[in-house]
Amino acid sequence: MENEVVSKNFIEQIIEEDIKEGHCETVRTRFPPEPNGYLHIGHAKSILLNYGLAKEYGGKFHMRFDDTNPTKEKVEFVESIKEDIKWLGADWEDRLFFASDYFEQMYEAAVKLIKKGKAYVSDLNAEQIREYRGTLTEPGREDPGTSRSIEENLTLFNNMKEGKYEDGAMVLRARIDMASPNINMRDPILYRVAHMTHHNTGDKWCIYPMYDFAHPIEDAIEGITHSVCTLEFEDHRPLYDWVVRELEYENPPKQIEFAKLYLTNVVTGKRYIKKLVEENIVDGWDDPRLVSIAALRRRGFTPESIQRFVELCGVSKANSSVDYAMLEYCIREDLKLKRPRMMAVLNPIKLIIDNYPEGEVEYLDAANNLENEELGSRKIPFCRELYIEREDFMEEPPRKYFRLFPGNEVRLMHAYFVKCESFVKDEEGNVTEVHCTYDPETKAGSGFTGRKVKGTIHWAPAPYAKKCEVRLYENLVDEEKGVYNKEDGSLNLNPDSLSILKDCYIEPALAEAEPYDSFQFVRQGFFCVDSKDSSSDALVFNRIVSLKSSYKLPTQNQ
RNA sequence: UGGCCCAUCGCCAAACGGUAAGGCAACGGACUCUGACUCCGUCAUUUCAAGGUUCGAAUCCUUGUGGGCCAGCCA
């Protein structure tokens, strides 16, 4: 790991060049979300990228809410966003900012532009503005407002601020180039009127700056050196640079764009998730099948696993979609050595050891994680009646089936070898009991080497095991058909995305598990106590991820 | 059909004119008290295509092709 050669991504290369050439001594980056929704895995990339860059170059990372449009923003979201970013491990220390704290400076900046003849008030309505803007292939036309004098513009803009106009009646526009092939440069709107209470500034303002005007100012005020954003803002860079230049900032920030993170077979669109929530297809924005930060946390993902994932994905300008398997790899990798490996029987069937004395119990020693001694050990009661996984017994086994079947011997993990002698079926032909004999000489830890078995299965002691609920998850959407329906754009939902198993048995040591605690359930995967629906007397576990398996039951193959 | 951006293995992604890293996935095999882990091995004679420049091109140029973004008083 220490010797891992990690090649620099293109942003690091730009930064190193900038430092080398003396454009800056160190870096200052920021994550600037609008508080209008919940964060998801895609935002994690941006957060961790910006935070990581600051750390890597000994710089500072800022948290900044880009709250310039009160019609879309809510405090509820600023709180959830802060919580998610903290959880992810991006520490902004005392550098928490709000774009709205700079409204005064932005207003003054606008006045400055007017005085330079670089901005004017327009009384065109929204529809007219659109008409005048032209199209992708035709240039726009001059706004009649351009003929106003500086004094008149100053007065009008002040009137806008004073609340003398209705929403939409007037806007402030930059004077750039109505014929530019880049539509963002066709006299973009700088300020609009919105009589609306802002979550931070209340009713102090009734004019609000547009993103394109506000963002470069925010960056410049905070001394951001590299303003990292996603690809769709590439066309805005000339405008970003124009604002910074016209306002004559001394250390102009540099905007750099990278490609967003997309995951395969995952739903991130706000509209879609909203619909899923409303139709009760998912259990809120933190449903474990979603990839919002809150959902990943609830599912049992760790910040470390997400950090690693983002790191592994890399940063480039190519639009791409990362395989979900990569995320699974990262969480398995993170939990592998950190978590106890316990036994849980998800789909139980009784196993009776006929030659084990009735009523007797012995407490077996079991290491919690054979690959990490620091995790210690626990005792597991062992007795005559156990539960084993229904899948681990077959009356007529296929080839290469190493588990229990009549006449076959397997190891009960942490316990003894048992040999299947017989089984019992009900009237419908379902196996209800498997009967075995055990060999006392084969006790775990005894050093027995007399013979070997091919299979080791897990179990839970019937009288001592605790019943619980386990939820298994698959992709929310159909992997075969693709995420979206080609006809109407709706989601191709996977009907099996959630399976609830209510009749599961866990070994007694697991009874004390608290919300967010996670474990490996041996041979099954990693599981986490659900933070929403679990209680101490009715535990609910979420499967975070299954273990990899090179064996498929033949029945599953068809 | 205006402008900007992108194209390297199934999926990410390096390579910066000197002869295609790495990870995920997959597939063999060894090991195994998890059919897990670990280990060992396989996996791009070729970089969207065609031309050109060069002793030498994934890298530079040209022309195509494919994909993304832009016509909010959203960010």
Below 6.0 angstrom between ring centroids: does that apply to A:Phe541 and A:Phe521? yes
Taking the six-membered ring for Trp, is the centroid-to-centroid distance between A:His215 and A:Phe233 below 6.0 Å? no
Can you find a donor-acceptor pair, distance only, under 3.5 Å between A:Asp235 side chain and B:G3 base? yes
Measure from CD on A:Glu138 to C1' on B:C70 and round the result to the nearest Å. 16 Å
Sugar-phosphate only, base, or nothing, as touched by A:Met170 at under 4.0 Å among non-hydrogen atoms: nothing
What's A:Arg133 touching, base or sugar-phosphate or nothing? Going by heavy atoms closer than 4.0 Å. sugar-phosphate
Give the ring-plane orientation class for A:His62 versus A:Phe97, where under 30° counts as parallel, over 60° as perpendicular and anything between as tilted. tilted
Under the criteria of a ring-centre distance below 5.5 Å and an interplanar angle below 30°, is A:Tyr211 stacked with the base of B:A75? no
Ring centroid separation A:Phe309 to A:Tyr329 under 6.0 Å: no
Nearest listed nucleotide, side chain of A:Ala325, among B:A71, B:C12, B:C24: B:C24
Ring centers of A:Phe405, A:Phe393 separated by less than 6.0 Å: no
What is the distance from CZ of A:Arg523 to P of B:G35, rounded to the nearest Å? 5 Å
Given B:G35, B:G23, B:G2, which nucleotide is nearest the side-chain atoms of A:Leu136? B:G2
Pairwise C1' distance for B:C31 and B:A25, with rounding to whole Å: 23 Å
Atom CD of A:Glu371 to atom P of B:U34: distance rounded to whole Å? 10 Å
B:U32 C1' sits how many Å from A:Ile457 CD1, rounded? 17 Å
Have a look at A:Gln13 and say if it touches a base, only the backbone sugar-phosphate, or nothing, with a 4.0 Å heavy-atom cut-off. base
Could you state the CD-P distance from A:Glu389 to B:G35, rounded to the nearest angstrom? 12 Å
Could you state the atom-to-atom distance from CD1 of A:Ile388 to P of B:U34 in whole Å? 17 Å
Say we look at B:A14 and B:G22: how far apart would their C1' atoms be, to the nearest angstrom? 7 Å
Looking across every strand, which nucleic acid part, if any, lies under 4.0 Å from A:Phe233 by heavy atom: base, sugar-phosphate, or nothing? base
To the side chain of A:Tyr401, which of B:U38, B:G35, B:C73 is closest? B:G35
Determine the Euclidean distance between corresponding C1' atoms of B:G23 and B:A44; express it in Å to zero decimal places. 16 Å
Looking only at B:C73, B:A14, B:A7, the nucleotide nearest the A:Ala318 side chain is B:A7
Under 3.5 Å, side chain of A:Asn184 to main-chain N/O of A:Asp235, donor-acceptor pair present? yes
Regarding A:Asn319, tell me which of base, sugar-phosphate or nothing describes its non-hydrogen contacts under 4.0 Å with the strands shown. sugar-phosphate
Determine whether the aromatic ring centres of residues A:Phe258 and A:Phe10 are separated by less than 6.0 angstrom. no
Answer yes or no: does a side-chain N or O of A:Lys548 lie under 4.0 Å from OP1 or OP2 of B:A25? yes
Can you tell me, in whole Å, how much space there is between the P of B:G28 and that of B:G17? 42 Å
Please classify the nucleic acid contact of A:Arg403 as base, sugar-phosphate, or nothing, using heavy-atom distances under 4.0 Å. base
With respect to the phosphate group of B:C4, does any side-chain polar atom (N or O) of A:Lys317 fall under 4.0 Å of OP1 or OP2? no
Can you find a side chain N or O atom of A:Gln524 that sits less than 4.0 Å from OP1 or OP2 on B:G35? no
Looking at A:Tyr120, does the NZ or CZ of A:Arg148 lie under 6.0 angstrom from its six-membered ring centre and within 45 degrees of the ring axis? no
Answer with base, sugar-phosphate or nothing: what part of the nucleic acid does A:Gly445 contact at a heavy-atom distance below 4.0 Å? base
So what does A:Asp167 touch, heavy atoms closer than 4.0 Å: a base, only the sugar-phosphate, or nothing? nothing
Does B:A13 have OP1 or OP2 sitting under 4.0 Å from an N or O in the side chain of A:Ser316? yes
Using only side-chain N and O atoms of A:Tyr329, determine if any of them is under 4.0 Å from OP1 or OP2 of B:C24. yes
Looking across every strand, which nucleic acid part, if any, lies under 4.0 Å from A:Thr135 by heavy atom: base, sugar-phosphate, or nothing? base
Tell me whether the NZ or CZ atom of A:Lys419 lies within the 45° cone about the ring axis of A:Tyr438 and under 6.0 Å from its centre. no
Residue met sooner reading RNA chain B from 5', once A:Asp323 and A:Lys336 are mapped to nucleotides: A:Asp323
Whole-Å P distance, B:G2 and B:C16: 35 Å
If I take atom CD in residue A:Glu127 and atom P in nucleotide B:G72, what distance separates them, rounded to the nearest angstrom? 12 Å
Report which part of the nucleic acid A:Leu124 touches: base, sugar-phosphate, or nothing (heavy-atom distance under 4.0 Å, all strands). base
Report yes if the distance between the aromatic ring centroids of A:Phe402 and A:Tyr551 is under 6.0 Å, otherwise no. no
Within the 4.0 Å heavy-atom criterion, would you say A:Leu231 contacts the bases, only the backbone, or no part of the nucleic acid? nothing
Selected nucleotide, minimal atom distance to A:Glu34 side chain, candidates B:U34, B:C74, B:C5: B:C74
By the 4.0 Å heavy-atom rule, please label A:Thr68 as base, sugar-phosphate, or nothing. sugar-phosphate
Nearest-neighbour nucleotide for the A:Phe402 side chain, B:U1, B:A75, B:G35 considered: B:G35
What does A:His414 touch in the nucleic acid at a heavy-atom separation under 4.0 angstrom: a base, only the sugar-phosphate, or nothing? base
Taking OP1 and OP2 of B:A75, is either one under 4.0 Å from a side-chain nitrogen or oxygen of A:Arg192? yes
Tell me what A:Ser321 touches on the nucleic acid: a base, only sugar-phosphate, or nothing, going by heavy atoms under 4.0 Å. sugar-phosphate
At less than 4.0 Å, is any side-chain N or O atom of A:Arg237 found next to OP1 or OP2 of B:C4? Yes or no. no
For atom CD1 of A:Ile183 and atom P of B:G3, their distance in whole Å: 12 Å
Short N/O separations, protein against nucleotides 57-59 of chain B, under 3.5 angstrom:
none

Nearest-nucleotide pick for A:Ser550, side chain only, options being B:A75, B:C73, B:A36: B:A36
Starting at the 5' end of RNA chain B and moving along, which residue's nearest nucleotide shows up first, A:Ile129 or A:Cys313? A:Cys313
Is there a side-chain contact between A:Asp219 and A:Arg64 (heavy atoms, below 4.5 Å)? yes
For B:A30, the Watson-Crick or wobble partner whose two distances fall under 3.5 Å: B:U38
Looking only at atom P, what distance separates B:U59 and B:C9, rounded to whole Å? 15 Å
Regarding B:G72, purine or pyrimidine glycosidic angle vs 90° from 0 gives syn
Whole-angstrom distance between B:G10 and B:C55, as gauged at atom P: 35 Å
A:Tyr272 vs A:Tyr484 aromatic rings, parallel, tilted or perpendicular, using cut-offs 30° and 60°? tilted
C1' spacing across the pair B:A50 / B:A15, given as an integer number of angstrom: 24 Å
